[in-house]
Amino acid sequence: MTVVQATGLALRYGRTTALGDVSFTLRTGVTGLLGPNGAGKTTLLRIVATALPADGGTLRVFGHDPSTPPGRLAVRRRLGYLPQDPGFHPSFTAFEFVDYVAILKELTHRSARHAEVARVLSAVGLDDRRRSRIRTLSGGMKQRLALAAALVGDPDLVILDEPTVGLDPEQRLRFRELIADLGERKTVLLSTHQTEDVMSLCQEVIVLDRGRVRFEGTPAKLAGLAAGRVWTSAERQAGALASWRTGTGLHRHVGDPPPGATLVEPSIEDGYLTLVDAGAEASASAGGAR
């Protein structure tokens, strides 16, 4: 079942094109959104989350048009959104903050609402800090609190903008467990710079670069873009797109391998790097042609 259908989405800020002709489809499961800083990821998430209208194109979420007031309300009733800046009130306790979000989501029955707030706080590991003021929480705890607020009401579409920022390795593993379970039943759009999160969680990947979709497909297909372009050697080799010394002592390279190079299986990160570099070269060539 198609949950989100975007066709030709566009948005400009003055003379700057933030998004240009962006089309994609979301279904049940976890979709990762990758892209360099300034690619338009947060802008796209805000449009899908009904926080920002597009200048052009069409968007349908659960079959509704969020550009209309009735459509926007219908989408928001089934939406959970974790923005980069959740806008905490520092004097609220963790429980009060999530309870406030629950009220905004129309959970009006007090005892049922409080049970739901307790459920999501427990799910993100904050049950013991429910009465703590937000100003006393660490950065990682605040991030988990924002995730709890996004999950309140058991939404059918969850949009997460850099949700693992500030989380330690154990917390990141717990997060993956939670999102993987959510993706079994719901639709999750996850923007991240962590390619390991994409590899661990996502059935589909969208790569956004310079406001345009450069790739939409499986993580395996993204990694496959670097097939035959990743190799190892004892010494660092000039001319590689990227090169670094690994824990084994060998150097890993991405680019155009020399004759006789020892090729290795590419990763999602290798495919992403290859894709973005190709886009940068194409953009530079187009600029030169003008």
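Reckoned from all heavy atoms, side chains included, excluding hydrogens, waters and symmetry mates. When a residue number appears, it is its place in the shown sequence, counting from 1. Please read these numbers as outputs of a predicted model, since none were measured by experiment.
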Are the side chains of [Y] and [X] in contact, using a 4.5 Å heavy-atom criterion?
| X | Y | result |
| --- | --- | --- |
| Leu225 | Lys221 | no |
| Leu59 | Ile47 | yes |
| Glu106 | Arg77 | yes |
| Val120 | Val98 | yes |
| His193 | Asn37 | yes |
| Phe62 | Asp156 | yes |
| Val48 | Phe24 | yes |
| Val22 | Leu208 | yes |

To the closest 0.5 Å, what do you measure between [atom1] ([X]) and [atom2] ([Y])?
| X | Y | atom1 | atom2 | result |
| --- | --- | --- | --- | --- |
| Leu190 | Cys202 | CG | SG | 5.0 Å |
| Glu204 | Leu26 | CD | CG | 9.5 Å |
| Asp128 | Leu126 | CG | CG | 7.5 Å |
| Leu79 | Lys105 | CG | NZ | 7.0 Å |
| Gln203 | Thr31 | CD | OG1 | 7.0 Å |
| Ile159 | Leu189 | CD1 | CG | 6.0 Å |

What I want to find out is whether [X] reaches [Y] closely enough, with some N-O distance under 4.0 Å, to be called a salt bridge.
| X | Y | answer |
| --- | --- | --- |
| Asp55 | Arg12 | no |
| Asp127 | Arg130 | yes |
| Glu116 | Arg113 | no |
| Asp161 | Arg46 | no |
| Arg229 | Asp256 | yes |
| Asp154 | Lys186 | yes |

For [Y], is there any backbone N or O sitting under 3.5 Å from a side-chain donor or acceptor partner on [X]?
| X | Y | value |
| --- | --- | --- |
| Ser243 | Ala240 | no |
| Glu184 | Asp181 | no |
| Lys41 | Ser191 | no |
| Asp270 | Ser267 | yes |
| Ser233 | Glu235 | yes |
| Arg245 | His251 | no |
| Thr17 | Gly20 | no |
| Ser23 | Gly8 | yes |

What heavy-atom pair brings [X] and [Y] nearest, and what distance separates the two atoms?
| X | Y | answer |
| --- | --- | --- |
| Phe88 | Lys142 | CZ-O, 3.2 Å |
| Thr192 | Leu34 | O-CD2, 3.2 Å |
| Ala39 | Asp209 | CB-CA, 4.0 Å |
| Thr50 | Pro66 | CG2-CB, 3.7 Å |
| Leu263 | Gly228 | CD2-O, 3.9 Å |
| Thr274 | Ala226 | OG1-CB, 3.6 Å |

Can [X] and [Y] be counted as having a side-chain donor-acceptor contact under 3.5 angstrom?
| X | Y | value |
| --- | --- | --- |
| Thr232 | His253 | no |
| Asp197 | Ser200 | no |
| Thr164 | Gln194 | no |

*When you look at Arg252 and Thr246, which way does the side-chain hydrogen bond (donor to acceptor under 3.5 Å, both in side chains) test go after all the steps?*
CA-CA 7 Å; Arg252 183 183 176 95; Thr246 69; over 6 Å; no

_Crowding at CZ, Arg72 (>12 non-hydrogen neighbours, <6.0 Å)_ = yes

Linked, directly or transitively: [X] and [Y] (ILVMFWY side chains, under 4.5 Å):
| X | Y | value |
| --- | --- | --- |
| Leu11 | Val75 | yes |
| Phe97 | Val117 | yes |
| Leu201 | Leu45 | no |
| Leu182 | Val205 | no |
| Val61 | Leu52 | yes |

*Starting from the C-alpha separation in whole Å, work towards a yes-or-no answer on side-chain contact (heavy atoms from CB on, under 4.5 Å) for Asp277 and Tyr272.*
CA-CA 8 Å; Asp277 182 68; Tyr272 169 75; over 6 Å; no

_Check against ring-ring contact (aromatic ring centres under 6.0 Å, His included), Tyr100 and His89_ = CA-CA 11 Å; Tyr100 173 71; His89 193 299; 9.2 Å; no

*Flag this pair as yes if the NZ/CZ of Arg133 is under 6.0 angstrom from the six-membered ring centre of Phe92 and inside a 45 degree cone about the axis; otherwise no.*
no

*After noting the C-alpha distance and the side-chain angles of Leu167 and Arg144, does the key distance pass the side-chain contact (heavy atoms from CB on, under 4.5 Å) rule?*
CA-CA 8 Å; Leu167 300 186; Arg144 285 186 281 154; 3.9 Å; yes

*Check step by step if side-chain contact (heavy atoms from CB on, under 4.5 Å) holds for Leu82 and Gln143.*
CA-CA 9 Å; Leu82 190 162; Gln143 195 68 2; 3.9 Å; yes

*With side-chain contact (heavy atoms from CB on, under 4.5 Å) as the test, would you mind laying out the steps for Phe215 and Leu222 before giving the verdict?*
CA-CA 8 Å; Phe215 174 88; Leu222 178 57; 3.7 Å; yes

